[in-house]
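Here the structure is a predicted model, which means the values were calculated and not measured. Letters A, B, ... mirror the listed sequences (proteins, then strands); counts begin at 1.
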Protein chains: 2
Amino acid sequence: MTDNGSVPNSKKTAAERPAPERRGELLATAAEVFAAHGYNATTVRRIADEAGLLAGSLYYHFDSKESMLDEILSAFLDELWDGYDAVLAAGFGPRETLEALVTESFREIDRHRPAVAIYQRESRHLARQPRFAYLADSQRRFERAWLGTLRRGAAAGVFRADLDVRLAYRFVRDTVWVAASWYRPGGAHSPEEIARQYLSMVLEGIAVRE
Amino acid sequence: MTDNGSVPNSKKTAAERPAPERRGELLATAAEVFAAHGYNATTVRRIADEAGLLAGSLYYHFDSKESMLDEILSAFLDELWDGYDAVLAAGFGPRETLEALVTESFREIDRHRPAVAIYQRESRHLARQPRFAYLADSQRRFERAWLGTLRRGAAAGVFRADLDVRLAYRFVRDTVWVAASWYRPGGAHSPEEIARQYLSMVLEGIAVRE
DNA sequence: TAACCTACCAAACACTTGTTAGGGAAGGAT
DNA sequence: ATCCTTCCCTAACAAGTGTTTGGTAGGTTA
């Protein structure tokens, strides 16, 4: 009985926000609908329907449809980078870094599946809008982290050096993140188990060695 | 294979068809815009703009925005299955079949990049509509072809048997098709070259062997 | 000449979209 | 009781949507 205790309304910064608990519920259903049908194809009435209120009422909590999307994506990316930065700061070798990044990614997919699906679908054209410039930033950091790890590994002789590193980067990146399109939490495999098998395929290949 | 004939501009009977050459141009630009911004986010006025005519004029050539999408997707799938069926009928072993399927896929991406991008983005929810039921059919055939090849290979000892075949299937499938999101025809690598490197990664892995 | 066909335009149609304005019920604080 | 805050509803708005209708320039055929 400790979860519904204090009301942190006055503790937040400048922007006065209504009760953050209802907000979270609404954002969760909005994310679910965005992920299922795409941002543009999702009407604000549909979100309201799914959440059990009327379209106009959403504007008590948010000032636009776009800001819902914004909040969903930035919350996801914040958490993602918390995890990634921890991995990158740990001083692992290239192979261990790759393994940790992949595992962390599948954990994020587990926690933020709708947000990841939306990101995959919309980030490319959203990144052009000034409001979503942080998406482009994130993509650059992303590339730096993964490509750097792959290059370090190739130089250290733990990853194959005969591959186009950029192709390998896209290969690993896509391999991991498209999983969000079919992954369902609570399924047969845990995020860690999926990460283990994916890593096994990416690192060792699916062919039998002789 | 999916549908009836190839020119569905039939308000009455398919007695006469307008010049198919202009049709092809319009479909190509429509596919390009759909791929760039998503089907729902694309207005019919935007397509017309890009093609150099007015929105209403598109309805001389097509009877709806949806039928443009239909024609783009089914044309792509028809060609894809021509290639796949040829491979599957060739009587290759599992490994050669996999290699041929991957190579053929990258060739299709090269030829139908916009259609592939649209397919990736929209097929999931389109498949629920009766009109696009052939998308679901195609996906089932797709799964049978790839999964069957992987199973045959695991049984024959050329693919690893310790992997979840379903995971491996999704791994290979996604790995190949997401390439459409970044591939640009006329780039540094030919489809065959990309296929070669992807196959090398999928089959042998990116780690150095000892 | 006239009739005809192709490929388009101009203007509107009905409908959906995101968003806003004003109001009101519930409940706690004073 | 009075006030205030929270959360939602009703009802509308203007802009944008896919689509239809009727017309027409220009070429081809009779």
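Arg23(A) places its CZ atom 16 Å from the C1' atom of dC8(D), with the value rounded to the nearest Å. The distance from atom CZ of Phe62(A) to atom C1' of dT20(C) is 17 Å, rounded to the nearest whole Å. dT19(D) atom C1' lies 14 Å from atom CG of Leu54(B), rounded to whole Å. As rounded to whole Å, 9 Å separates atom P of dT17(C) from atom NZ of Lys65(A). Asp70(A) places its CG atom 17 Å from the P atom of dG18(C), with the value rounded to the nearest Å. Remark: P of dG18(D) and CG of Asp49(B) are 13 Å apart, rounded to the nearest angstrom. Atom CG of Asp63(B) and atom C1' of dG18(D) are 13 Å apart (whole Å). Atom OH of Tyr60(B) is separated from atom P of dC8(C) by 8 Å (rounded to the nearest Å).
Positionally, the nearest nucleotide of DNA chain D for Ala55(A) lies more toward the 5' end than for the other of Tyr39(B) and Ala55(A).
By the 4.5 Å heavy-atom criterion applied to side chains, Phe106(A) and Glu192(A) are not counted as neighbours.
Cation-pi contact between Arg166(A) and Tyr169(A): absent, since separation from the ring centre below 6.0 Å together with deviation from the ring axis within 45° is not met. In this structure, Lys65(A) forms no cation-pi arrangement with Tyr59(A), as its terminal cationic atom is not both closer than 6.0 Å to the ring centre and no more than 45° off the ring axis. In this structure, Arg170(B) is positioned above the aromatic face of Trp182(A), its NZ or CZ under 6.0 Å from the six-membered ring centre and within 45° of the axis.
For the pair Ser138(A) and Leu77(A), the tightest heavy-atom approach, listed with the atom from each and the gap, is OG-CD2, 3.5 Å.
Thr43(A) comes within contact range of the sugar-phosphate backbone alone, with a heavy-atom separation under 4.0 Å but no base atom that close. In this structure, Ser67(A) reaches neither bases nor backbone, as no heavy-atom distance under 4.0 Å exists between it and the strands shown. Leu53(B) comes within 4.0 angstrom of the backbone, heavy atoms only, and of no base.
Neither OP1 nor OP2 of dT17(D) sits under 4.0 Å from any side-chain N or O of Arg46(B). Put simply, Ser57(B) has a side-chain N or O that comes within less than 4.0 Å of OP1 or OP2 on dC9(C). In terms of phosphate contacts, Tyr59(B) brings a side-chain nitrogen or oxygen within less than 4.0 Å of OP1 or OP2 of dT19(D).
Taking 3.5 Å as the limit, the base of dG16(D) and the side chain of Arg45(B) contain no donor-acceptor pair of atoms between them.
Relative to the side chain of His61(A), the nucleotides dC8(C), dC8(D), dT19(D) differ in distance, and dC8(D) lies closest.
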